[in-house]
Q: 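After the structure tokens below, expect a handful of questions from me.
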Protein chains: 2
Amino acid sequence: MVAWGSAYGGTMAGIRELADHLHLSIGTVSRALNGKPDVNPETRSRVLEAAAALGYVPNQSGRSLRQGTTNAVGFMIESGNDVAGNLDNFFLGVFDGVQIVLSRHHLDLIVLPCSTVEDPHQYLQRMVARRIADALIISATHRKEPRIELLQKAQIPFISLGRSAMPDDYAWLDLDFEGYALRSVDRLVAKGHRRIAVGMPGNDINLGFVFHDAYRAALARHGLAYDPQLVLRAASSDQGGYHIAHDLLTLPDRPTALILIYEFMAVGVYRRLQEEGLAPGKDLAIIGFRESPLASFLTPRLSCFRLSLRDLGVGLGESLLASMPAFADVYPRGIVHKVWPMEFVAGGSDAMDVR
Amino acid sequence: MVAWGSAYGGTMAGIRELADHLHLSIGTVSRALNGKPDVNPETRSRVLEAAAALGYVPNQSGRSLRQGTTNAVGFMIESGNDVAGNLDNFFLGVFDGVQIVLSRHHLDLIVLPCSTVEDPHQYLQRMVARRIADALIISATHRKEPRIELLQKAQIPFISLGRSAMPDDYAWLDLDFEGYALRSVDRLVAKGHRRIAVGMPGNDINLGFVFHDAYRAALARHGLAYDPQLVLRAASSDQGGYHIAHDLLTLPDRPTALILIYEFMAVGVYRRLQEEGLAPGKDLAIIGFRESPLASFLTPRLSCFRLSLRDLGVGLGESLLASMPAFADVYPRGIVHKVWPMEFVAGGSDAMDVR
DNA sequence: AATAGCCTCGTAAACGTTTTCGGCAGCTAT
DNA sequence: ATAGCTGCCGAAAACGTTTACGAGGCTATT
């Protein structure tokens, strides 16, 4: 036998070698491997068997060139993003779920980390021009998000993890920031709180605006006045939380409750309170955002909302497939707009009752 | 003018359209773009100008097919890995540095996250067969690491972030776990500690063994006995740290110091100590591993070692390029074995003096 | 018995690029 | 004036695959 195959570590077998070995034409072999109808069932199994035996894997460049498809989905993240870099990593869990869905359709997930020294829009443009993937997932969407227009213009199927403030003619999936704000305010008001502050980012990441508007609406529903002083802005990090707590403590009529949009801000808040001899959950009611390993290790435990990252990834993957023409037969076509639900987890951080 | 170019959002311009537009052959255009010598400087600038104007970007599949190269470097991570999933994300910083180096050579970094439901070895095998990148970076290397043999057999340039216990005929770059153990023990012994425990993972990630051996050697150097009971093993997470502290507190002759191999274990250790009314740095000297945002927000601050993730990424990228034949002219060839230095940062967590 | 139709397969074009080869000028040196 | 050399460019092959098309053999229908 000739030294075919990857088993020998030499040059990998191509479809040509496979065809010669089987005394078939490469066209037939290709059709057999790709499940095309006009091929004898018996020859098909022969081909499949030989392909497995020789460790044949089709050259991706060849197929890409011919069919204009890469069999890969890209997930762009920003390594410079505060959120991405701090504490419990949100994305790794999501990747897992996305990949589980994609692997069912022989798609691979490749993560595209935009470095801190490059403009995200330019980076994405390069990736699109490179045709690095058949479809893309973007995240950390801003209020005005030029990347969305870019992808629409390039006619690349995509989904955004996070809404923007732009027209809703694209697919997105987002966490339930409205529900978070509403339910948190409801809960705090029920415990007698009337001055409820929020801690959120100062940049134009869209989720901040969604959260802020819902917070304001929730206050109005309870007949509480909206006080701009209670909207505390800082970096999306534990340090940011520290500054938020600091600012809160200097407010004239000190708020009794604080809702944070990122759970890791709570680390800084706890720290600042402890410096002042104040106890979280006793001197200030705190609700974090997402449950994470961190939340359960703060003292007292952080009240927050539970969410399966893997399920979120699965939802993301399925919604993306729904917007890919190639999978129109398996997933119902359509532009998905989905708000992801979360489940409240009570900790001691908002146990404080001021009635 | 015809509707060429991506500006119109239509089908992107190919080298064919570019050549027609310039009244040149595609061969000449290609040579001009790729900096080949036999092309008139004036025509070259004409070509470059037109390419920029039309927004021409070469089709990657076409080039890949012809030259057998992808112009991409893959970085495999395991999303199921405890280390990757917990708290401050180590990898994002490293990505940044790697990309900075790669971009200088028109290479892109793509991250390959192996999902929790797939075997890492199989996953890598698939990526290799797919020829998804020209070179690879692997991480989380175990003691016996089959992925190394796989990559060697496939003749793909690669570097490992982390040593294994296998023959040193591959490139690796690793954090200085020996230095960490030695310097930590030295420091603690100087403060009078004689029973020094370590907290490390129970699996066969190689860094645990490197650390353990150096710890043992450091003890011997000070004439201290090695007590297996002081080697506390638990999951690589904050929860793991909690269990480690718990176990430590039940030891007969309670150790006065603890060296952790992952800084986020400290969160759990602090928590467990506080439950017992014990103070970190006062009742138990603690040294974490790497400085992270977290370390500075623990009370007292965690003593640990500083390290620039970006620089580490740069080193990783450069060492990888050194093993790629295509870049033999720009980086000195050779198999790199590099131990990355770290700088001690004193916190209050090991302030305790027992002399 | 002739023809229409189906099943199976081989042939060859196509995808977009790089690269080898050869050719045509223009120039220099004999 | 001719041979050789250099600089520049066009033609065409090659990369590995998919797929449209057509050819042949066989069965079934008229």
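First the proteins, then the strands, lettered A, B, ... as listed; each starts at 1. This is a predicted model, so every value here is computed, not measured.
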Q: By nearest atom, which of the nucleotides dA14(D), dT17(D), dC9(D) is closest to the Thr43(B) side chain?
A: dC9(D)
Q: Is the distance from OP1 or OP2 of dT18(C) to the nearest side-chain N or O of Asn34(B) less than 4.0 Å?
A: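 Yes, such a contact exists.
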Q: Which nucleotide sits closest to the side chain of Leu65(B): dG16(D), dC8(D), dT17(C)?
A: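 Between dG16(D), dC8(D), dT17(C), the one nearest the side chain of Leu65(B) would be dG16(D).
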Q: Any base atoms under 4.0 Å from Gly14(B), or only sugar-phosphate, or nothing? Heavy atoms, all strands.
A: sugar-phosphate
Q: Looking only at side-chain N and O atoms, does Ser61(A) come under 4.0 Å of OP1 or OP2 in dG16(D)?
A: no
Q: When you measure from the side chain of Asp38(B), which nucleotide among dT8(C), dC8(D), dT17(D) comes out closest?
A: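 For the Asp38(B) side chain, the nearest candidate turns out to be dC8(D).
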Q: Taking everything shown except Glu49(B) itself, do over 12 heavy atoms lie less than 6.0 Å from its CD?
A: no
Q: Hey, which sits more toward the 5' end of DNA chain D by its nearest nucleotide, Thr28(B) or Ile15(A)?
A: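 Its nearest nucleotide being more 5', the pick is Thr28(B).
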Q: Surrounding CZ of Arg16(A) (heavy atoms of other residues, nucleotides or ligands, distance under 6.0 Å), is the total greater than 12?
A: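 No.
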Q: Ignoring the backbone of Leu24(A), work out which of dG10(C), dG10(D), dT18(C) is nearest its side chain.
A: dG10(C)
Q: I'd like to know if Asn40(A) reaches the base of dC7(C) with its side chain such that a donor and an acceptor end up less than 3.5 angstrom apart.
A: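 Side chain to base: no pair below 3.5 Å.
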Q: For His21(A) together with Tyr56(A), are the ring centres under 6.0 Å from each other?
A: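 Aromatic pair excluded; centres sit 6.0 Å or further apart.
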Q: Send over the distance from Leu22(A) CG to dT8(C) C1', rounded to a whole Å.
A: 16 Å
Q: Kindly say whether, by distance alone, the side chain of Arg31(A) makes a donor-acceptor pair under 3.5 Å with the base of dT8(C)?
A: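 Donor-acceptor pair under 3.5 Å: no.
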Q: Does Asp96(A) reach the main-chain N or O of Ser115(B) with its side chain, forming a donor-acceptor pair under 3.5 Å?
A: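 It does not hold such a pair.
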Q: Check every strand shown and say whether Pro37(B) touches a base, only sugar-phosphate, or nothing at a heavy-atom separation below 4.0 Å.
A: nothing
Q: Can a side chain N or O of Ser30(B) be found less than 4.0 Å away from OP1 or OP2 on dT18(C)?
A: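 So the side-chain polar atoms of Ser30(B) do come within 4.0 Å of the phosphate oxygens OP1 or OP2 of dT18(C), strictly under.
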Q: Should Lys36(A) be listed as having a side-chain N or O under 4.0 Å from OP1 or OP2 of dT18(D)?
A: no
Q: Just compare dT18(C), dG16(D), dG10(D) and give me whichever is closest to any side-chain atom of Arg63(B).
A: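 Within the option list, the nearest is dT18(C).
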Q: Taking the side chain of Arg66(B) as its heavy atoms from C-beta onward, which of dT17(D), dG16(C), dT19(D) lies nearest to it?
A: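 Nearest to the side-chain atoms of Arg66(B), counting from C-beta on, is dG16(C).
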